Amino acid sequence: MGSGSAEEYMSYEAGSEELVAKLVEDHQGWAASIARSVARAWNLDWQLDGLDGGAYEGLIFSARRYDPARGVPFRAYARRRIHESSTEEARKSKSWQRGVGADAPGEQESREISAMLFNVFPELREGLLPASAVEKGEEESMRSSVRQLLASASMLATLHELEKGGADRAIEYKRMIGIIADLEPVHQAIMWSVYWEGQSMRQVASDWEIDELNVIREHKQILQFVFSKLANPKKGSTALKIRPGLRPVAQTLKREGFKGPFSDLLEGAAVFLLVLAAGLLLASDMLGLLI
Amino acid sequence: MVKKVGGKKPPVSAGTGKVESTKSVQTGKVSDVGDVRGAEKQAKSSRVRRPTRPMTAEEREHLFKLIHEEADKMFGANGLPQSQRATVENAVKQTVDASIVEEDD
């Protein structure tokens, strides 16, 4: 079984049937390992729930497009695609749709949020923790990455509740929404695009015609900020600054009168509650008159 | 998406490593401009923060412990509601778990 380095496959022509067959033979077991890892995490059966087929499809897809002349090891090239295929199959499976294996309350929701986290942090598919927002040594870097994941998962859970129309549970997340609504409009726009509209950070950057790194790094700072606010509610903190690469976008949004979708959401909710309260008062007055 | 610095190298000029006295001054050539751009790319790349190292199966339990400890800070009194803690904490643990591949082939 090959180690997957590009040199091993240099004698093959990219895209040839011989190379595809060789790559499949060498890495089929490894692809199956990816499927098993996903199944283990989500309490599914890697074969009965079709993850093996997804992984195999991802392997074939990657093998057909792999060019050893680029010098990239095959496993580094293929891992993301195979992982994507495995998770797609998992989500399509009957077990997932029916919540099989997610017996405790909230477990199915955990699965859904877990799957969404891979969209927000695609590097996870390559076995990489999100880049740390701090540079203070290995342990602190790992904690920083974990905080990003937790803040991101909380954001996804909050919006998941809003989408389901579960107002009573969404109220429990009002602190989260309040924190996001206090952010600069450009920060709110990033969070809305990524978490509500499901855009990738690359798409957001492309729409704004700026470097993707600006959005990626700002997103990390936002999550770090959100986590700090949640973990230290009584501690005052300065507002999150906008990095230079985003300032032109922020200025444009301000000129256009953009307040931020989460600010609008809270404002709309406040207006709704005012109208509701006014309606209730009116109704009680009328009832008093009738009686 | 995290950009890997290691995969991007500045273009190597044709003259690198060669010392030819008759051609020691080669200003204004296109290849020199390419070198400058390459140097700029390298300078930009060097400012890119590298991702943390890949997660390993041996680290799984340690990562789960970190997730639990950090969740302690987020949930509870004045934080997010405890009732939601299990959902969020489990989601992150599952994501980390699904990212760690145990190669047993």
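Just the heavy atoms: all of them, side chains too, but no hydrogens, waters or symmetry mates, feed the values below. In the text below, chain A, chain B and the rest are named by the order of the sequence lines, each starting its count at 1. Remember, predicted model here, so these are calculated numbers, not experimental data.
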Hey, which of [options] has the most heavy atom pairs under 4.5 Å with chain B?
| options | result |
| --- | --- |
| A/Ser110, A/Ala157, A/Ser200, A/Ala35 | A/Ser110 |
| A/Thr87, A/Val226, A/Leu149, A/Val72 | A/Leu149 |
| A/Val38, A/Leu117, A/Leu156 | A/Leu117 |

Inter-residue atom distance [X].[atom1] - [Y].[atom2], 0.5 Å rounding:
| X | Y | atom1 | atom2 | result |
| --- | --- | --- | --- | --- |
| A/Ile113 | B/Glu89 | CD1 | CD | 12.5 Å |
| B/Asp97 | A/Arg40 | CG | CZ | 4.0 Å |
| B/Gln94 | A/Trp42 | CD | CH2 | 8.0 Å |
| B/Lys73 | A/Asn232 | NZ | CG | 9.0 Å |
| B/Leu63 | A/Arg143 | CG | CZ | 10.5 Å |
| A/Glu112 | B/Thr87 | CD | OG1 | 12.0 Å |

Report summary line: Minimal heavy-atom distance between B/Val88 and A/Ser154, with the atoms involved, is CG1-OG, 3.6 Å
Report task. Compare every heavy atom of A/Ala41 with every heavy atom of B/Ala98, then report the nearest pair and how far apart it is. Result ->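 Scanning both residues completely, I find the closest heavy atoms to be N-CB, 3.4 Å.
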Heavy-atom side-chain contact between [X] and [Y] under 4.5 Å:
| X | Y | result |
| --- | --- | --- |
| B/Leu66 | A/Glu139 | yes |
| A/Met142 | B/Glu70 | no |
| B/Met55 | A/Leu124 | yes |

Query raised in the report: Does a salt bridge link B/Glu102 with A/Arg36, judged by any charged N lying under 4.0 Å from a carboxylate O?
Result: no
**Report entry** When B/Val96, B/Ile100, B/Asp72 are compared by non-hydrogen pairs under 4.5 Å with chain A, the top option
**Finding:**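 Top count of heavy-atom pairs under 4.5 Å with chain A: B/Ile100.
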Query raised in the report: Checking A/Arg79 against chain B: side chain, backbone, both or neither under 4.5 Å from a heavy atom?
Result: side chain
Query - Exceeds 12 heavy-atom contacts within 6.0 angstrom, atom OH of A/Tyr195 - result: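 Counting other residues, nucleotides and ligands, OH of A/Tyr195 exceeds 12 neighbours.
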